[in-house]
There are 2 protein chains.
Amino acid sequence: METASAIQPGGKQRLIEAAFRLAARNGTSLASLGLRELAREAGLNHNTFYRHFATLEDLGHAAAAEVAGQLMAAIKEIRRNAARHADASVGVAEYFLDWARDNADLVTVGVRELHSTETPIRKAMQRVVHEIATESVEQIVSMRLVPGIEPDALLRATTSITHYMFYRALDYIERPRQRRAIRDELVNFMRAQFLGQLALQRTTATSA
Amino acid sequence: METASAIQPGGKQRLIEAAFRLAARNGTSLASLGLRELAREAGLNHNTFYRHFATLEDLGHAAAAEVAGQLMAAIKEIRRNAARHADASVGVAEYFLDWARDNADLVTVGVRELHSTETPIRKAMQRVVHEIATESVEQIVSMRLVPGIEPDALLRATTSITHYMFYRALDYIERPRQRRAIRDELVNFMRAQFLGQLALQRTTATSA
DNA sequence: ACTTAACGTATCCACTTGGATACTTATCGT
DNA sequence: ACGATAAGTATCCAAGTGGATACGTTAAGT
């Protein structure tokens, strides 16, 4: 089984990957993919689908697990790399956007489903966003990257930033010529969020 | 013809509205709607579609015009109302979110398509976001709502805010119980953006 | 070598689809 | 009243769909 995966992914993985490719390319959700369309894209007979999944929603759950798994692993890696960067915001922005570019289908589908109906991928993405935001709070606090900011203000900032990162990742994937500008704008946004929440905190403190 | 519209919308309008309903409900894009599905939802024979549109993309263009027209009209109204508000940010947030709630299908589809492939609605939404952002700059400058901020920093803020407003509108539509919290969070985001860009501007000024 | 399980393919079928074409209805203009 | 036009319905057809069922292939275990 491990040997087979090294040579050619199994039917199940091929179907999952085909689903991402189709959904990304067509701007549709996984739930509206056709069985035969999917099988054609995976290079399989359409009945093979039922060897691995009972329903399209089943496939959605597998895809959601894929999204969450890959994203969380990437974020860990990005955090490690960015911690060695002179400016953490710039480091995170660069590594994240480059990773998104290299995993375009998965990111594209994940971000699109973030605004969809209650699909498995949407739920997975919501959890991912929340987890990234809260772990970012812990990292920023432990490294004293934004001195003086309170945890709830910080969480508001990291949540907005996480969401915005995914949104900008779509543009980064689509517009090769504007990548530098998109990255710079993302860094600007991140800084504005921290400074803005800090300023709001001070305003609230002086009026209380 | 005018009499007919007053009593029951014509076939064309019924098809457009049906398209929004289906896309919003199913989390799909207009481009992937089925002809008969659409006709059923509109209460018409499926061939009636061809009386009004040559292709589904044609319908997409009509829908895009609808989105842009209604959104821009609503924004004008919201600006008038909010200008009479003690705090403009709170006023804009309230009026906008309530309008979104009352036009849920159109907003839902519009925001979803903002992250889609190059569909007519996506293009229309991108123009709407840009227009709202630039007009907000003009209004804020003329009313001196954020004294001292430079126009390019202000545009960055209004662009982020406009996008975030649409994103939060989806949650506002979906989660009646959390509406108060969502509105407050949106207001917080708006203020943080202005203050953050102002702070960044000062930082850049002192380091130059 | 034989058996079993997992995976993949082929065939069939009832149903649905998009689009062509013919027909019907309602409205408007002369 | 009549004719033209716009809008809507009905019928037909070829192609495609999802799912049931049978068959084929491969790998692993005894």
Side-chain angles (χ1 to χ4, degrees), chain A residues 1-63 65-66 109 117 119-121, chain B residues 1-63 65-66 109 117 119-121:
Chain A
M1 189 63 185
E2 301 243 312
T3 307
S5 312
I7 294 174
Q8 157 98 344
K12 185 168 183 176
Q13 190 61 22
R14 282 164 70 185
L15 285 165
I16 292 170
E17 284 164 13
F20 280 118
R21 282 202 301 278
L22 283 172
R25 188 192 310 152
N26 298 335
T28 52
S29 101
L30 263 61
S32 58
L33 290 177
L35 223 53
R36 289 178 187 243
E37 171 187 32
L38 186 54
R40 273 191 300 269
E41 179 70 25
L44 297 167
N45 178 286
H46 81 272
N47 290 300
T48 307
F49 177 86
Y50 289 108
R51 293 281 178 238
H52 304 285
F53 306 104
T55 59
L56 267 173
E57 176 150 18
D58 239 5
L59 170 69
H61 282 108
E66 183 89 11
V109 173
T117 55
T119 62
I121 296 188
Chain B
M1 189 64 186
E2 300 245 307
T3 308
S5 311
I7 295 173
Q8 156 99 347
K12 186 170 183 175
Q13 189 61 21
R14 282 164 71 186
L15 284 165
I16 293 170
E17 285 164 12
F20 278 117
R21 281 201 300 278
L22 283 171
R25 189 191 311 151
N26 299 336
T28 52
S29 101
L30 263 62
S32 58
L33 290 178
L35 223 54
R36 287 178 186 244
E37 171 188 30
L38 187 55
R40 273 192 299 269
E41 180 70 25
L44 297 166
N45 179 286
H46 81 273
N47 290 299
T48 308
F49 177 86
Y50 290 108
R51 294 281 179 232
H52 303 286
F53 306 104
T55 60
L56 267 173
E57 178 151 17
D58 240 4
L59 170 70
H61 282 109
E66 183 89 9
V109 173
T117 55
T119 61
I121 295 187

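Within every chain, numbering begins at 1; the chains are lettered A, B, ... in the order of the sequence lines, protein sequences first and strands thereafter.
Straight-line distance from the CD atom of B:Gln13 to the P atom of D:dG8: 12 Å, rounded to whole Å. Here D:dG16 presents its C1' atom at 15 Å from CG of B:Leu35, a figure rounded to the nearest Å. If you measure from atom CG of B:Asn47 to atom C1' of D:dC12, you get 11 Å, rounded to the nearest angstrom. Counting to the nearest Å, the P atom of D:dG18 and the CZ atom of A:Phe53 are 15 Å from each other. Atom CZ in A:Phe49 sits about 17 Å away from atom C1' in C:dA6, given to the nearest Å. Here C:dT9 presents its P atom at 8 Å from CZ of A:Arg14, a figure rounded to the nearest Å. Counting to the nearest Å, the P atom of C:dG18 and the CG atom of B:Leu56 are 8 Å from each other. A straight line from CG of A:Leu44 to C1' of D:dT25 spans 15 Å, rounded to a whole angstrom.
Looking at B:Glu66 and B:Gln13, their side chains come closer than 4.5 Å, going by heavy atoms from C-beta outward. Residues A:Phe49 and A:Leu56 are in side-chain contact: their nearest non-hydrogen atoms beyond the backbone lie under 4.5 Å apart.
Here B:Phe53 contributes atom CZ and B:Leu35 contributes atom CG; the two are 11.0 Å apart, rounded to the nearest 0.5 Å.
If you check C:dT9, D:dT9, D:dG8 against the side chain of A:Thr48, the one that comes closest is C:dT9.
Close to C:dA10, at under 4.0 Å from its OP1 or OP2, lies no side-chain N or O of A:Arg36. Put simply, A:His52 has a side-chain N or O that comes within less than 4.0 Å of OP1 or OP2 on C:dG8.
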Q: With side-chain contact (heavy atoms from CB on, under 4.5 Å) as the test, would you mind laying out the steps for B:Leu22 and B:Thr28 before giving the verdict?
A: CA-CA 8 Å; B:Leu22 283 171; B:Thr28 52; 5.8 Å; no

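Between the side chain of A:Asn45 and the base of C:dT11, no donor-acceptor pair under 3.5 Å is found.
For the pair B:Leu33 and B:Arg51, both in contact range of DNA chain C, the more 5′-proximal nearest nucleotide belongs to B:Leu33.
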